Amino acid sequence: MIEICGAFLVSIGVLFFLSGTIGLLRLPDIYTRLHALTKADNVGLGFVVLGLAIQATSWSEVIRLVLIWFLVLLASAISCHLVADAALRRNIKPWRKR
Amino acid sequence: MSNLYLGLALILLITVVLGLLRIIWGPTAADRMMAAQLFGTCGVAILLLLARGLGQAIIVDVALVFALLAAFSTVGFVRRAWTEKDSLKTGERRHD
(Lines give C-alpha, C1' and ligand atoms only; values in the text may rest on other atoms or scores of the structure.)
Protein backbone atom coordinates (compact mmCIF):
# COMPACT_ATOMS: atom_id res chain seq x y z
CA MET A 1 0.00 0.00 0.00
CA ILE A 2 2.75 2.41 0.96
CA GLU A 3 4.62 1.51 -2.22
CA ILE A 4 1.58 2.37 -4.35
CA CYS A 5 1.11 5.69 -2.53
CA GLY A 6 4.79 6.48 -3.02
CA ALA A 7 4.69 5.67 -6.72
CA PHE A 8 1.58 7.84 -7.09
CA LEU A 9 3.22 10.81 -5.35
CA VAL A 10 6.39 10.45 -7.44
CA SER A 11 4.30 10.38 -10.62
CA ILE A 12 2.55 13.62 -9.57
CA GLY A 13 5.99 15.14 -9.02
CA VAL A 14 7.07 14.15 -12.54
CA LEU A 15 3.92 15.83 -13.91
CA PHE A 16 4.91 19.05 -12.14
CA PHE A 17 8.39 18.84 -13.68
CA LEU A 18 6.75 18.39 -17.07
CA SER A 19 4.63 21.52 -16.59
CA GLY A 20 7.68 23.47 -15.46
CA THR A 21 9.53 22.54 -18.63
CA ILE A 22 6.53 23.43 -20.81
CA GLY A 23 6.38 26.78 -19.02
CA LEU A 24 10.08 27.37 -19.64
CA LEU A 25 9.54 26.75 -23.35
CA ARG A 26 6.23 28.55 -23.90
CA LEU A 27 6.06 31.59 -21.62
CA PRO A 28 6.86 34.96 -23.21
CA ASP A 29 9.62 36.62 -21.17
CA ILE A 30 12.40 36.04 -18.69
CA TYR A 31 10.38 36.81 -15.54
CA THR A 32 7.47 34.51 -16.37
CA ARG A 33 9.91 31.78 -17.33
CA LEU A 34 11.69 32.15 -14.00
CA HIS A 35 8.31 31.82 -12.31
CA ALA A 36 7.50 28.56 -14.10
CA LEU A 37 10.96 27.17 -13.55
CA THR A 38 11.47 27.86 -9.87
CA LYS A 39 7.95 27.21 -8.57
CA ALA A 40 6.69 24.24 -10.55
CA ASP A 41 10.00 22.40 -10.36
CA ASN A 42 10.30 22.82 -6.61
CA VAL A 43 6.80 21.49 -6.02
CA GLY A 44 7.67 18.60 -8.33
CA LEU A 45 10.82 17.85 -6.38
CA GLY A 46 8.81 18.12 -3.17
CA PHE A 47 6.38 15.45 -4.39
CA VAL A 48 9.24 13.20 -5.54
CA VAL A 49 10.94 13.56 -2.15
CA LEU A 50 7.66 12.92 -0.32
CA GLY A 51 6.96 9.83 -2.42
CA LEU A 52 10.44 8.44 -1.78
CA ALA A 53 10.52 9.43 1.89
CA ILE A 54 7.36 7.54 2.87
CA GLN A 55 8.98 4.37 1.51
CA ALA A 56 12.30 4.92 3.27
CA THR A 57 13.47 2.25 5.68
CA SER A 58 15.35 4.48 8.11
CA TRP A 59 15.04 7.97 9.54
CA SER A 60 18.47 9.02 8.30
CA GLU A 61 17.28 8.43 4.72
CA VAL A 62 14.21 10.60 5.30
CA ILE A 63 16.26 13.39 6.84
CA ARG A 64 18.73 13.30 3.97
CA LEU A 65 15.96 13.51 1.36
CA VAL A 66 14.22 16.39 3.13
CA LEU A 67 17.53 18.22 3.55
CA ILE A 68 18.15 17.96 -0.19
CA TRP A 69 14.71 19.42 -0.83
CA PHE A 70 15.33 22.31 1.54
CA LEU A 71 18.70 23.01 -0.06
CA VAL A 72 17.13 23.11 -3.53
CA LEU A 73 14.29 25.33 -2.28
CA LEU A 74 16.71 27.79 -0.72
CA ALA A 75 19.02 27.76 -3.72
CA SER A 76 16.30 28.31 -6.29
CA ALA A 77 14.58 31.04 -4.29
CA ILE A 78 17.86 32.93 -4.03
CA SER A 79 18.90 32.35 -7.62
CA CYS A 80 15.44 33.33 -8.93
CA HIS A 81 15.71 36.62 -7.08
CA LEU A 82 19.28 37.21 -8.29
CA VAL A 83 18.44 36.56 -11.95
CA ALA A 84 15.27 38.69 -11.87
CA ASP A 85 17.11 41.53 -10.13
CA ALA A 86 19.98 41.40 -12.61
CA ALA A 87 17.54 41.37 -15.53
CA LEU A 88 15.69 44.42 -14.19
CA ARG A 89 18.97 46.28 -13.74
CA ARG A 90 19.80 45.53 -17.37
CA ASN A 91 16.52 47.22 -18.39
CA ILE A 92 14.85 44.09 -19.68
CA LYS A 93 11.19 45.06 -19.71
CA PRO A 94 8.54 42.74 -18.25
CA TRP A 95 6.18 41.37 -20.88
CA ARG A 96 2.80 43.09 -21.31
CA LYS A 97 -0.25 41.84 -23.14
CA ARG A 98 -0.94 43.98 -26.13
CA MET B 1 8.39 -1.48 -8.95
CA SER B 2 11.97 -0.36 -9.50
CA ASN B 3 11.35 -0.35 -13.26
CA LEU B 4 8.70 2.31 -12.69
CA TYR B 5 11.27 4.58 -11.07
CA LEU B 6 13.76 4.04 -13.85
CA GLY B 7 11.03 4.87 -16.38
CA LEU B 8 10.09 8.04 -14.52
CA ALA B 9 13.77 9.03 -14.44
CA LEU B 10 13.83 8.55 -18.21
CA ILE B 11 10.77 10.80 -18.62
CA LEU B 12 12.48 13.48 -16.54
CA LEU B 13 15.61 13.15 -18.66
CA ILE B 14 13.51 13.68 -21.80
CA THR B 15 11.94 16.82 -20.30
CA VAL B 16 15.42 18.15 -19.54
CA VAL B 17 16.46 17.55 -23.14
CA LEU B 18 13.33 19.42 -24.31
CA GLY B 19 14.22 22.24 -21.90
CA LEU B 20 17.59 22.53 -23.62
CA LEU B 21 15.70 23.96 -26.62
CA ARG B 22 15.61 27.18 -24.61
CA ILE B 23 19.39 27.34 -24.93
CA ILE B 24 18.99 27.45 -28.71
CA TRP B 25 16.12 29.94 -28.69
CA GLY B 26 17.65 32.37 -26.21
CA PRO B 27 17.22 35.33 -26.46
CA THR B 28 19.24 36.59 -23.46
CA ALA B 29 22.07 34.87 -21.66
CA ALA B 30 19.84 34.48 -18.60
CA ASP B 31 17.31 32.44 -20.58
CA ARG B 32 20.10 30.08 -21.54
CA MET B 33 21.25 29.90 -17.95
CA MET B 34 17.71 29.02 -16.88
CA ALA B 35 17.90 25.80 -18.86
CA ALA B 36 20.98 24.95 -16.82
CA GLN B 37 19.01 25.74 -13.67
CA LEU B 38 16.28 23.37 -14.88
CA PHE B 39 18.97 20.75 -15.29
CA GLY B 40 19.97 21.39 -11.69
CA THR B 41 16.52 20.78 -10.18
CA CYS B 42 15.56 18.04 -12.62
CA GLY B 43 18.95 16.41 -12.22
CA VAL B 44 18.46 16.13 -8.46
CA ALA B 45 15.08 14.45 -9.01
CA ILE B 46 16.57 12.10 -11.62
CA LEU B 47 19.36 11.10 -9.25
CA LEU B 48 16.90 10.47 -6.41
CA LEU B 49 14.75 8.28 -8.68
CA LEU B 50 17.85 6.42 -9.86
CA ALA B 51 18.91 5.85 -6.26
CA ARG B 52 15.54 4.22 -5.60
CA GLY B 53 15.36 2.37 -8.94
CA LEU B 54 18.86 0.94 -8.81
CA GLY B 55 18.74 0.38 -5.07
CA GLN B 56 21.96 2.30 -4.46
CA ALA B 57 21.53 4.78 -1.65
CA ILE B 58 24.90 6.40 -2.31
CA ILE B 59 23.47 8.21 -5.37
CA VAL B 60 21.48 10.39 -2.94
CA ASP B 61 24.77 11.97 -1.88
CA VAL B 62 25.54 12.73 -5.51
CA ALA B 63 22.17 14.51 -5.71
CA LEU B 64 23.16 16.60 -2.70
CA VAL B 65 26.37 17.72 -4.40
CA PHE B 66 24.42 18.41 -7.60
CA ALA B 67 21.99 20.70 -5.76
CA LEU B 68 24.88 22.60 -4.21
CA LEU B 69 26.74 23.06 -7.50
CA ALA B 70 23.60 24.24 -9.33
CA ALA B 71 23.17 27.01 -6.77
CA PHE B 72 26.80 28.11 -7.06
CA SER B 73 26.69 28.10 -10.86
CA THR B 74 23.71 30.47 -10.94
CA VAL B 75 25.29 32.86 -8.43
CA GLY B 76 28.53 32.79 -10.40
CA PHE B 77 26.62 33.47 -13.61
CA VAL B 78 24.79 36.51 -12.22
CA ARG B 79 27.82 37.97 -10.46
CA ARG B 80 30.50 37.33 -13.08
CA ALA B 81 29.45 35.89 -16.42
CA TRP B 82 26.39 37.97 -17.38
CA THR B 83 28.13 41.05 -18.77
CA GLU B 84 26.52 44.16 -20.21
CA LYS B 85 27.99 43.31 -23.59
CA ASP B 86 25.90 40.16 -23.80
CA SER B 87 22.59 41.94 -23.32
CA LEU B 88 23.56 44.62 -25.83
CA LYS B 89 24.45 42.04 -28.41
CA THR B 90 21.05 40.37 -28.29
CA GLY B 91 19.25 43.72 -28.44
CA GLU B 92 17.40 43.20 -25.18
CA ARG B 93 18.59 46.47 -23.68
CA ARG B 94 16.00 48.81 -25.11
CA HIS B 95 16.47 52.23 -23.56
CA ASP B 96 18.64 53.75 -20.89
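Each chain gets a letter, A, B and so on, in the order the sequences are listed, and its residues count up from 1. These figures come from a predicted structure and were not determined experimentally.
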> For a 4.5 angstrom cut-off between non-hydrogen side-chain atoms, does Asp41(A) reach Ser76(A)?
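No - every pair of side-chain heavy atoms lies 4.5 Å or more apart.
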> Going by the rule salt bridge (Lys or Arg N to Asp or Glu O under 4.0 Å), which residues pair with Asp29(A) if we only count those two or more places apart in sequence or in a different chain?
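Asp29(A): no salt bridge (Lys or Arg N to Asp or Glu O under 4.0 Å) contacts found.
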> Within the 3.5 Å criterion, strictly below it, is a donor on Glu61(A) or Thr57(A) matched to an acceptor on the partner's side chain?
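Yes, a side-chain donor-acceptor pair sits under 3.5 Å.
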> Which bit of Leu45(A) comes within less than 4.5 Å of chain B, counting heavy atoms only: side chain, backbone, both or neither?
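Just the side chain, heavy atoms under 4.5 Å.
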> Determine yes or no for a side-chain-to-main-chain donor-acceptor pair under 3.5 angstrom, with Arg33(A) supplying the side chain and Pro28(A) the backbone.
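A pair under 3.5 Å: yes.
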> Is the side chain of Asp85(A) donor-acceptor paired with the backbone N or O of His81(A) at a distance under 3.5 Å, no angle test?
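Between the backbone of His81(A) and the side chain of Asp85(A) there is no qualifying donor-acceptor contact (under 3.5 Å).
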> Counting only non-hydrogen atoms closer than 4.5 Å, does Phe66(B) touch chain A with its backbone (N, CA, C, O), its side chain (CB onward), both, or neither?
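Neither; nothing under 4.5 Å.
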> With only heavy atoms counted, which part of Gln55(A) is less than 4.5 Å from chain B, the side chain, the backbone, both or neither?
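Side chain only.
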> Chain B heavy atoms under 4.5 Å from Leu37(A): which part of the residue, side chain, backbone, both or neither?
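The answer is the side chain of Leu37(A).
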> Which answer fits Arg64(A), side chain, backbone, both or neither, if we ask what part of it has an atom under 4.5 Å from a heavy atom of chain B?
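Only the side chain of Arg64(A) comes within 4.5 Å of chain B.
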> Could you walk me through whether Thr15(B) and Ile22(A) pass side chain to side chain contact (heavy atoms under 4.5 Å, CB included), step by step?
CA-CA 9 Å; Thr15(B) 64; Ile22(A) 292 171; over 6 Å; no
> With sequence neighbours excluded, tell me which residues meet side-chain contact (heavy atoms from CB on, under 4.5 Å) with Ala36(B).
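Counting only residues at least two positions away or on another chain, Ala36(B) forms a side-chain contact (heavy atoms from CB on, under 4.5 Å) with Met33(B).
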> What part of Arg22(B) lies closer than 4.5 angstrom to a heavy atom of chain A: side chain, backbone, both or neither?
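Its backbone and side chain both get close to chain A.
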> Nearest heavy-atom pair of Ser19(A) and Ala40(A): which atoms, and what distance?
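Heavy-atom minimum between the residues: OG-CB, 4.1 Å.
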> Under 4.5 Å from any heavy atom of chain B, what part of Ile30(A) do you find: side chain, backbone, both or neither?
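Both parts, heavy atoms under 4.5 Å.
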> Which residue out of Leu18(A), Leu34(A), Leu65(A) racks up the most heavy-atom pairs below 4.5 Å with chain B?
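Between Leu18(A), Leu34(A), Leu65(A), the count favours Leu34(A).
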> Working note: Leu54(B) + Tyr5(B), criterion side chain to side chain contact (heavy atoms under 4.5 Å, CB included); need CA distance, chi angles, decisive distance, verdict.
CA-CA 9 Å; Leu54(B) 300 175; Tyr5(B) 291 103; over 6 Å; no
> Given that the side chain runs from C-beta out, which part of Val48(A) has a heavy atom under 4.5 Å from chain B: side chain, backbone, both or neither?
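The side chain, not the backbone.
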> Counting only non-hydrogen atoms closer than 4.5 Å, does Leu71(A) touch chain B with its backbone (N, CA, C, O), its side chain (CB onward), both, or neither?
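Just its side chain gets close to chain B.
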> Contact part of Ala51(B) toward chain A, heavy-atom cut-off under 4.5 Å: side chain, backbone, both or neither?
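When you check distances to chain A, no heavy atom of Ala51(B) falls under 4.5 Å.
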> When you compare the side chain of Leu38(B) with that of Leu24(A), does any pair of heavy atoms fall below 4.5 Å?
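Contact flag for Leu24(A)/Leu38(B) side chains = yes.
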> Within the structure provided, determine whether Leu50(B) and Gln56(B) are in side-chain contact (heavy-atom separation under 4.5 Å).
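SC-SC contact between Leu50(B) and Gln56(B) ruled out.
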> Once ring-ring contact (aromatic ring centres under 6.0 Å, His included) is applied, what residue pairs with a partner in residues 39-69 of chain A remain, sequence neighbours excluded?
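For residues 39-69 of chain A: Phe16(A)-Phe47(A).
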> Look at Cys42(B), Ala9(B), Ala30(B), Ala67(B) and state which one has the largest set of heavy-atom pairs under 4.5 Å with chain A.
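The residue among Cys42(B), Ala9(B), Ala30(B), Ala67(B) with the greatest pair count is Cys42(B).
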> Quick one: does Thr41(B)'s side chain get under 4.5 Å of Asn42(A)'s, heavy atoms only?
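They are in contact (side-chain heavy atoms under 4.5 Å apart), so the answer is yes.
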> Given the options Asp31(B), Leu4(B), Leu68(B), which has more heavy-atom pairs under 4.5 Å with chain A than any of the others?
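When all of Asp31(B), Leu4(B), Leu68(B) are compared, Asp31(B) has the most.
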> Between Leu74(A) and chain B, with a heavy-atom cut-off of 4.5 Å, which part of the residue counts as in contact: side chain, backbone, both or neither?
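Neither part; nothing is under 4.5 Å.
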> Report, by ascending residue number, the residues of residues 69-77 of chain B in heavy-atom contact with chain A at a distance under 4.5 Å; give 'none' if the set is empty.
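Ala71(B), Thr74(B), Val75(B) fall under the 4.5 Å cut-off.
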